[in-house]
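Read the structure below first, then the notes.
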Amino acid sequence: MAFAIWGGVFAFLAVALGAFGAHVLGDKLSAEMMSVYHTGDQYQMYHALALIAVGILLRLHPDSRLLSAAGWLFALGIVLFSGSLYALSVSGVKVLGAITPIGGLCFLAGWICFILALAR
């Protein structure tokens with residue numbers, strides 16, 4: 001159930017960060033950087049919901065290593081992908097964009113694990 005709880009936490013933070021972006025950063029960031037920020041927030045919410053699904057499915061299949069791997073990969077992806085986009089958009093430090101694809105790969109690997117777990 002820990003993944004579902006973390007999913008809830010990440011979903012809460014996605015809503016809070018989305019509101020912060022819209023109401024505080026909206027007039028401080030360029031349109032391009034606001035779009036980068038929004039992408040991070042969107043993917044955070046998608047994968048927070050995926051974590052909730054993993055947590056629920058693990059209640060039914062508690063020994064599924066593939067589901068556990070998917071959960072860890074989704075959580076790591078949120079930190080690396082969304083976190084790097086938030087940091088890039090607010091700081092303007094372009095080198096942070098080099099971290100984003102690693103988070104994206106975590107998301108992709110997480111979805112592969114999720115699909116394989118469901119196929120079994």
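The shown structure was predicted, so the numbers you read here are calculated from the model rather than taken from an experiment. Position 1 is the first residue of the sequence, and the numbers go up from there.
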When every non-hydrogen atom of I102 is compared with those of L80, the smallest separation belongs to CG2-CD1, 3.7 Å

Taking all atoms of both residues into account, what is the closest heavy-atom pair of F20 and Y37, and its distance? CD2-OH, 3.7 Å

For Y43, give me all partners under side chain to side chain donor-acceptor pair (under 3.5 Å), at least two apart in sequence or on another chain. none

Steps toward side chain to side chain contact (heavy atoms under 4.5 Å, CB included) verdict (W111, F74): CA-CA 8 Å; W111 284 112; F74 290 151; 3.7 Å; yes

Can you sort out the partners of A87 under side chain to side chain contact (heavy atoms under 4.5 Å, CB included), two or more places apart, ordered by chain and number? L96

Do the side chains of V15 and M45 get nearer than 4.5 Å, heavy atoms only? yes

Closest non-hydrogen contact found for A70 with V54 is CB-CG2, 4.3 Å

To check you understand the geometry: which heavy-atom pair defines the closest contact between G21 and M34, and what is its length? O-CE, 3.1 Å

Heavy-atom distance under 4.5 Å between the side chains of L66 and I112, does that happen here? no

For residues L51 and L60: do they belong to one hydrophobic cluster (side chain heavy atoms under 4.5 Å, members Ile, Leu, Val, Met, Phe, Trp, Tyr)? yes

Aromatic contact, F10 with H47 (centres under 6.0 Å): no

Under the 4.5 Å side-chain heavy-atom rule for ILVMFWY, direct or indirect, which residues accompany L105? L108

List the atom of G97, the atom of L88, and the distance in Å for their closest heavy-atom pair. CA-CD2, 4.4 Å

Are F81 and T39 packed together at the side-chain level, in the sense that at least one heavy-atom pair is separated by less than 4.5 angstrom? yes

Measure up the W72 and F3 rings against each other and bin them: parallel (under 30°), tilted (30 to 60°), perpendicular (over 60°). perpendicular

G40 to S82 - nearest heavy-atom pair and separation: O-OG, 2.7 Å

If hydrophobic clusters are built from ILVMFWY residues whose side chains come within less than 4.5 Å, do V79 and L73 share one? no

List the residues meeting side chain to side chain donor-acceptor pair (under 3.5 Å) with S84, not counting sequence neighbours, and say none if there are none. T100

State, with a plain yes or no, whether a side-chain heavy atom of H38 is found less than 4.5 Å away from one of S35. no

Establish whether F12 and V24 are linked, either directly or via other cluster members, by ILVMFWY side-chain heavy-atom contacts under 4.5 Å. yes

Is there a side-chain contact between L67 and C113 (heavy atoms, below 4.5 Å)? no

Separation between OG (S89) and CG (D41), nearest 0.5 Å, reads 10.0 Å

Quick one: side chain to side chain contact (heavy atoms under 4.5 Å, CB included) partners of I52, sequence neighbours excluded? L49, I56

To the nearest 0.5 Å, how far apart are CG in L118 and NE2 in H61? 8.0 Å

With S68, which residues qualify under side chain to side chain donor-acceptor pair (under 3.5 Å), at least two apart? none

